Number of protein chains: 2
Amino acid sequence: MRQARPEEGAAKRIGRPRGRRRRAAEIADAAAQVFARRGYHGASTQEIADLLGMRQASLYYYFPSKEAALEEVCRIGVEGFVESALAIAAGGGGPAEKLTALMTAHTRPVETRADYVRVFLNERRHLPVDSRRRIGRKSRRLERIFEAVLKEGVDAGIFRSDTEPRLCTLAILGMLNGVPAWYGREKRADVDGIVAAFARLTLDGLLAAPRERGAG
Amino acid sequence: MRQARPEEGAAKRIGRPRGRRRRAAEIADAAAQVFARRGYHGASTQEIADLLGMRQASLYYYFPSKEAALEEVCRIGVEGFVESALAIAAGGGGPAEKLTALMTAHTRPVETRADYVRVFLNERRHLPVDSRRRIGRKSRRLERIFEAVLKEGVDAGIFRSDTEPRLCTLAILGMLNGVPAWYGREKRADVDGIVAAFARLTLDGLLAAPRERGAG
DNA sequence: CCTACCGATCGGTAGG
DNA sequence: CCTACCGATCGGTAGG
């Protein structure tokens with residue numbers, strides 16, 4: 001009576017309606033949009049369904065719950081960052097170049113997938129504990145990549161020896177994660193240019209010779 | 001029949017129960033706490049009332065609506081910043097000292113009134129248009145103070161001449177507003193020490209002599 | 001401040 | 001995917 005469940009074999013997709021994954025991705029898109037605009041709790045599943053021209057109850061054919069949709073949106077929101085950062089850190093170039101590339105790459109998703117990023121940054125705290133922890137792990141992976149490049153620069157004698165990689169990472173990610181807050185209402189709209197300026201400022205600080213402390 | 005309404009005379013508080021203002025402040029405190037933890041839409045007026053040991057409906061004796069409570073919490077959330085920043089900018093010391101003081105002062109409310117600050121940062125977007133604009137004006141005032149000090153330093157020949165005050169302000173406020181995101185779960189708990197490190201990094205960047213661009 | 005209450009909406013289920 | 005529907009909760013009002 002009990003058959004082997006076809007969805008368990010990862011590679012083979014037999015007997016499943018072909019559009020399922022695609023449609024689920026469209027729902028995630030719509031959810032990201034509404035979550036970003038209204039916040040998770042301010043968003044109604046009705047509004048998500050309206051965006052797709054489907055009935056509210058039909059969403060539950062694709063997602064078991066509103067929370068699961070938030071989880072998916074947040075997952076997509078982080079995953080891009082870690083992957084590109086990993087590629088940069090492992091690639092060629094010196095620590096200074098890597099750091100600049102890391103910073104530029106970090107802000108690209110803000111333009112490409114603004115809604116996912118915003119939801120990840122602002123709404124992840126409304127996730128249930130277990131999935132919040134799962135997402136948080138990815139976030140920490142990203143931070144560690146920044147720290148590693150910073151440490152690489154210090155060890156190579158390129159960055160100032162008194163650089164604290166952890167604090168510096170917090171500062172940099174603060175600057176960068178603040179971008180969605182003003183992106184869109186700033187006159188200068190070239191995010192890449194602005195982030196390049198951020199990177200220059202940071203590098204100038206990292207490359208500077210230690211100065212006198214406390215000098216008026 | 002129509003009497004002059006006593007609450008219109010600002011200085012004189014006659015005929016009003018004496019604890020009104022105080023109680024309203026307590027409600028704002030509780031609201032800030034719940035809004036910070038659950039987000040505005042995730043917060044129920046019931047939970048706020050529970051915190052105060054009063055009935056949910058009684059809240060409406062002090063605030064006309066949930067939105068009005070959010071507005072009050074946000075208003076308190078910004079007002080501290082502008083006032084202290086103004087005092088620093090107008091006070092003595094050079095631009096470098098002022099900038100450091102500005103940065104340290106900006107993070108103090110994060111410890112003192114964490115909930116108000118968090119709510120202002122994360123929930124102000126859920127305010128109705130008109131009050132959001134009112135709050136936004138205060139926010140811009142703060143930004144202009146930072147920009148002015150930065151420009152002061154450039155004009156005095158202290159900060160690098162290629163400093164862009166606007167971009168620099170966005171970077172600094174990004175770093176600083178990111179503090180509530182990691183404050184509490186970071187090992188090093190001395191926010192002042194961390195922010196001092198942020199300020200040093202920033203100053204090193206601002207004081208550095210222009211270097212060769214694009215040098216490998 | 002409380003009691004009593006309401007209309008609206010919300011996430012989610014049953015069954016096809 | 002849809003129809004039909006539900007229990008719970010929510011912000012807010014009336015009247016004292």
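Heavy atoms only: backbone and side chains are in, while hydrogens, waters and symmetry mates are out. Model, not experiment: these values are computed from the prediction. Order of the sequence lines sets the chain letters (A, B, ...), proteins ahead of strands, with each chain counted from 1.
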Would you say [X]'s side chain and [Y]'s backbone share a donor-acceptor pair under 3.5 angstrom?
{"X": "B/Thr107", "Y": "B/Val110", "value": "no"}
{"X": "B/Glu97", "Y": "B/Gly94", "value": "yes"}
{"X": "B/Arg37", "Y": "B/Gln33", "value": "no"}
{"X": "B/Glu123", "Y": "B/Tyr40", "value": "yes"}
{"X": "B/Tyr62", "Y": "B/Ala28", "value": "no"}

Listed in order of residue number, which residues of residues 120-131 of chain B have a non-hydrogen atom at under 4.0 Å from DNA chain D?
none
Are there runs of at least three consecutive Watson-Crick or G-U pairs touching DNA chain D, with each pair's two distances under 3.5 angstrom? Give them by first number.
C:1-16 with D:1-16
Rounded to whole Å, OH of A/Tyr61 lies from C1' of C/dT13 at a distance of 16 Å
Between C1' on D/dT9 and CZ on B/Arg38, what's the gap in Å once rounded to a whole number?
14 Å
Residue pairs, two or more places apart or on separate chains, that pass side-chain hydrogen bond (donor to acceptor under 3.5 Å, both in side chains) and touch [range]:
{"range": "residues 164-181 of chain A", "result": "A/His106-A/Asn177, A/Glu143-A/Arg166, A/Glu147-A/Arg166, A/Glu164-B/Arg188, A/Arg166-B/Glu186"}
{"range": "residues 110-120 of chain B", "result": "B/Asp29-B/Tyr116"}
{"range": "residues 127-140 of chain B", "result": "B/Glu71-B/Arg134"}

Are B/Val154 and B/Leu150 packed together at the side-chain level, in the sense that at least one heavy-atom pair is separated by less than 4.5 angstrom?
no
Polar atoms only, N or O, under 3.5 Å: list the protein pairs with nucleotides 10-12 of chain D and their distances.
| unit_1 | atom_1 | unit_2 | atom_2 | d |
| --- | --- | --- | --- | --- |
| D/dG11 | OP1 | B/Ala43 | O | 3.0 |
| D/dG11 | OP1 | B/Lys66 | NZ | 2.8 |
| D/dG11 | OP2 | B/Thr45 | N | 2.9 |
| D/dG11 | OP2 | B/Thr45 | OG1 | 2.8 |
| D/dG11 | N7 | B/Gln56 | NE2 | 3.4 |
| D/dG12 | OP2 | B/Tyr60 | OH | 2.6 |
| D/dG12 | OP2 | B/Lys66 | N | 2.7 |
| D/dG12 | N7 | B/Gln56 | NE2 | 2.9 |
| D/dG12 | O6 | B/Gln56 | OE1 | 3.1 |

Has B/Arg55 got a side-chain N or O lying under 4.0 Å from the OP1 or OP2 atom of C/dT3?
yes
Under the 6.0 Å and 45° cation-pi test, does A/Arg20 pair with A/Tyr61?
yes
